[in-house]
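Presented below is the structure to which this report refers.
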Protein chains: 2
Amino acid sequence: MKKLPGKTVERLSEYRRVLLTLISQGKNYIYSHELASLLHITAVQVRRDLMLIGYSSGIRKGYDIRVLVETIGRVIDSETPLNVAIIGMGNLGRAVSSYFRGKRSKLNLVASFDNDQQKTGKVISGVRCYDVREMENMIKELNISIIILTVPPDYARSTCDDAVRFGVKGVLNFTTVSLNVPPTVYLEEYDMVTSIEKVAYFVKESIR
Amino acid sequence: MKKLPGKTVERLSEYRRVLLTLISQGKNYIYSHELASLLHITAVQVRRDLMLIGYSSGIRKGYDIRVLVETIGRVIDSETPLNVAIIGMGNLGRAVSSYFRGKRSKLNLVASFDNDQQKTGKVISGVRCYDVREMENMIKELNISIIILTVPPDYARSTCDDAVRFGVKGVLNFTTVSLNVPPTVYLEEYDMVTSIEKVAYFVKESIR
DNA sequence: TAAACACTGTTATTTTATTAACAATATTTA
DNA sequence: TAAATATTGTTAATAAAATAACAGTGTTTA
Ligand SMILES: NC(=O)c1ccc[n+]([C@@H]2O[C@H](COP(=O)([O-])OP(=O)(O)OC[C@H]3O[C@@H](n4cnc5c(N)ncnc54)[C@H](O)[C@@H]3O)[C@@H](O)[C@H]2O)c1
Ligand SMILES: NC(=O)c1ccc[n+]([C@@H]2O[C@H](COP(=O)([O-])OP(=O)(O)OC[C@H]3O[C@@H](n4cnc5c(N)ncnc54)[C@H](O)[C@@H]3O)[C@@H](O)[C@H]2O)c1
């Protein structure tokens, strides 16, 4: 299948998230317009995305939620699970760890790294914390292909460079520092200050 | 000034973030292509965004960073500071609180709320934590216009509805639950599982 | 069972966002 | 000082994303 646009991948992930909660609530079928309204988008957008991944319901009773979840998984998940590590087990690292662990069967959180001796060698928020100096060994040994970066800003660049050198193929950067990676590595950055400033901007504009 | 596209607002926030760190490093001027490469975008994009907010450097030695930061502030910040509260002081709420507090002069984190008696009445991660039952009073008393929602999924919807009823105008939702708000309220949602699934998708595609 | 209806899948259109192109102009170099 | 260079601001072109339109087809209803 042709590589999907990033936006579509995001929406597919979101579809699956809400579909999984619907399953747990006992729902079996869903119409495009229902799914759309849950995501604040249009029904056409939903149908278009599903067309892109070649899913078609056949019946006119909406989509079979289980089949749809499975189809989305076949498209966006890796066939063999990918291993993930968190670097920097501070406030955010621990929050992410306890939240993310076990959420997706095709993404295994297998390690965390820190340079604080109080933390290394222990299991923190459900995952073993290694000394950051062991990063090279462990990335190779555990075949870690994705890192979530939550170290202090001053260490972000060097830590990322190291991880890439050791073979990591994807980086989710939560630090405030904008990073650089070679084109063979996929980088996604998120800064919550940007999100809240965006909210603030539209609030400001609406109450003017 | 006409309302800016959301994408532009996001980039303006990002420009400011990197510009602020450059100032602290003693840099005074920056070229469009330098700023662009820090954000992994093109120089044209930068110039276009700045055109939209009516900033022009005049000189050909790049943009005066201080003036640019100030100009961005005049456009995206509220004239009078907006007050913000975090609801749900668990792992994520505390991380966000300690990170965000004091970051922006026009956004004051003035309160947090929780329903756990162990937490209420104390100062946690630098901000006073109130009982969630006091939300109505405090939102009105402190004039809170934005909330950051980090309660457990099951409480997300009702908590958001309450906050909106009590007068909140913007919501940044970090829970996994997709919310609904009236059109007068601005809602921004972020799920980190989506981000990491996106990374995983492009990693998978690249190593195929 | 025939008409009305509801929903999907897909093509066409519109809108939005990004990139390219380039004239204008300050700065540097010869 | 004149030519070459570098950078901006802006218009034009392109690309990407979202939406609209609608034919096709089960399903329901009378
Ligand atoms: N807390 C948030 O909500 C939040 C939000 C957005 C971004 N951030 C960013 O995320 C990063 C972490 O934030 P935090 O609040 O968790 O900070 P924190 O100080 O609580 O955590 C940082 C952790 O990294 C460890 N560390 C330091 N140097 C290291 C190194 N060289 N290698 C490995 N580990 C190292 C520290 O021991 C600590 O455990 C920061 O860059 C911050 O700007 C945080
Ligand atoms: N931890 C993460 O990195 C992360 C990432 C993405 C999303 N989330 C989501 O954010 C939310 C919080 O995650 P967390 O890890 O901090 O969970 P948590 O359980 O540590 O924190 C939840 C907090 O909310 C409080 N609370 C419970 N009911 C409440 C109510 N009715 N009103 C006010 N406060 C209430 C609890 O006392 C607790 O302090 C969850 O919905 C989770 O799915 C978390």
Side-chain angles (χ1 to χ4, degrees), chain A residues 1-15 19 22 27-69 71-72 75-76 183 189 194 198 201-202 205, chain B residues 1-15 19 22 27-68 71-72 75-76 189 194 198 201-202 205:
Chain A
M1 180 178 297
K2 223 175 117 259
K3 204 188 282 192
L4 300 168
K7 285 285 182 86
T8 300
V9 175
E10 283 179 25
R11 281 192 299 266
L12 290 172
S13 165
E14 287 161 8
Y15 296 153
L19 292 173
L22 291 176
K27 199 168 161 79
N28 294 311
Y29 289 89
I30 191 167
Y31 298 126
S32 59
H33 65 265
E34 293 178 295
L35 186 48
S37 92
L38 288 170
L39 278 284
H40 314 303
I41 58 178
T42 65
V44 184
Q45 183 79 79
V46 171
R47 299 205 298 271
R48 207 158 207 312
D49 287 335
L50 300 191
M51 190 181 89
L52 274 181
I53 65 171
Y55 175 70
S56 98
S57 69
I59 82 170
R60 314 290 128 160
K61 262 282 153 96
Y63 305 100
D64 181 319
I65 297 184
R66 263 162 258 267
V67 178
L68 181 48
V69 164
T71 309
I72 291 174
V75 173
I76 69 173
E189 312 203 292
T194 294
K198 191 173 163 199
Y201 173 80
F202 287 106
E205 291 298 308
Chain B
M1 180 178 296
K2 226 176 114 253
K3 206 189 278 193
L4 299 169
K7 286 281 184 85
T8 300
V9 175
E10 282 179 24
R11 281 192 300 264
L12 289 172
S13 165
E14 287 161 8
Y15 297 153
L19 292 173
L22 292 176
K27 200 169 161 75
N28 294 311
Y29 289 90
I30 192 167
Y31 298 127
S32 57
H33 65 264
E34 293 178 295
L35 186 48
S37 93
L38 288 170
L39 277 287
H40 316 301
I41 59 177
T42 66
V44 186
Q45 183 80 79
V46 171
R47 299 206 296 273
R48 210 160 203 313
D49 286 337
L50 300 192
M51 191 180 88
L52 274 182
I53 63 170
Y55 176 70
S56 102
S57 69
I59 82 168
R60 312 293 127 159
K61 263 282 153 95
Y63 305 99
D64 180 320
I65 298 184
R66 263 162 256 268
V67 177
L68 180 49
T71 309
I72 291 174
V75 173
I76 70 173
E189 312 203 293
T194 294
K198 192 175 161 196
Y201 172 79
F202 287 106
E205 291 297 307

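We name chains A, B, ... by the order of the sequence lines, and we start the count at 1 in each one. These numbers come from a predicted model, not from an experiment.
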Q) Lys7(A) side chain N/O closer than 4.0 Å to the phosphate oxygens (OP1, OP2) of dA17(C)? A) no
Q: Send over the distance from Leu4(A) CG to dA16(D) C1', rounded to a whole Å.
A: 14 Å
Q: Round to the nearest Å and state the distance from Arg47(A) atom CZ to dA17(D) atom C1'.
A: 16 Å
Q | Any Ser56(B) side-chain N or O less than 4.0 Å from OP1/OP2 of dG9(D) | A | yes
Q. Which residue, Gly62(B) or Gln45(A), contacts DNA chain D at a nucleotide closer to its 5' end, judged by nearest heavy atom?
A. Gly62(B)
Q. Under 4.0 Å between a side-chain N or O of Arg11(A) and OP1 or OP2 of dA18(D)?
A. yes
Q. Of the non-hydrogen atoms in Lys27(A) and Arg66(A), which two are nearest, and what is the gap between them?
A. O-NH2, 4.3 Å
Q. Is the shortest side-chain N/O distance from Tyr29(B) to OP1 or OP2 of dT7(D) below 4.0 Å?
A. no
Q | Protein-nucleotide distance (Leu12(A), atom CG; dA17(D), atom P), rounded to Å | A | 13 Å
Q. Does Ser57(A) make a side-chain N or O approach to OP1 or OP2 of dG9(C) shorter than 4.0 Å?
A. yes
Q. Rounded to whole angstrom units, what separation is found between the CG atom of Leu52(A) and the P atom of dT11(C)?
A. 12 Å
Q. Within the structure, does a side-chain N or O atom of Ser32(A) lie under 4.0 Å from either OP1 or OP2 of dC7(C)?
A. no
(Q) Side-chain N or O of Arg48(A) versus OP1/OP2 of dT13(C): is the shortest distance under 4.0 Å? (A) no
Q.
Give me the atom names and distance for the closest heavy-atom approach of Ser57(A) to Gly62(A).
A. CB-O, 3.7 Å
Q. Which pair of non-hydrogen atoms, one from Tyr29(B) and one from Lys61(B), has the smallest distance, and what is that distance?
A. CB-O, 3.4 Å
Q) Do side-chain atoms of Tyr15(A) reach the backbone of Leu50(A) as a donor and acceptor pair under 3.5 angstrom? A) no
Q. Which atom names give the shortest non-hydrogen contact between Val67(A) and Tyr55(A), and what distance separates them?
A. CG1-CE1, 3.6 Å
Q. Quick one: is dG9(D) close enough that its OP1 or OP2 comes under 4.0 Å of any side-chain N or O from Tyr63(B)?
A. yes
Q) Taking side chain as C-beta onward, heavy atoms only, is Val46(B) less than 4.5 Å from Leu39(B)? A) no
Q | Closest to side chain of Tyr31(B), choosing from dA17(D), dT7(D), dA20(C) | A | dT7(D)
Q. Atom CG of Asp49(A) to atom C1' of dA18(D): distance rounded to whole Å?
A. 10 Å
Q: Verify the contact: side-chain N or O of Thr42(A) to OP1 or OP2 of dA18(D), cut-off strictly under 4.0 Å; return yes or no.
A: no
Q: Nearest whole angstrom, please: distance from the P of dT8(C) to the CG of Leu50(A).
A: 9 Å
Q. Rounded to whole angstroms, how far apart are CD on Glu10(A) and C1' on dA17(D)?
A. 13 Å
(Q) Quick check on DNA chain D: between His33(B) and Met51(B), whose nearest nucleotide comes earlier from the 5' end? (A) His33(B)
Q: Send over the distance from Asp64(A) CG to dT8(C) P, rounded to a whole Å.
A: 13 Å
Q: Taking only the side-chain nitrogens and oxygens of Lys61(B), find out if one of them lies under 4.0 Å from OP1 or OP2 of dT28(C).
A: yes
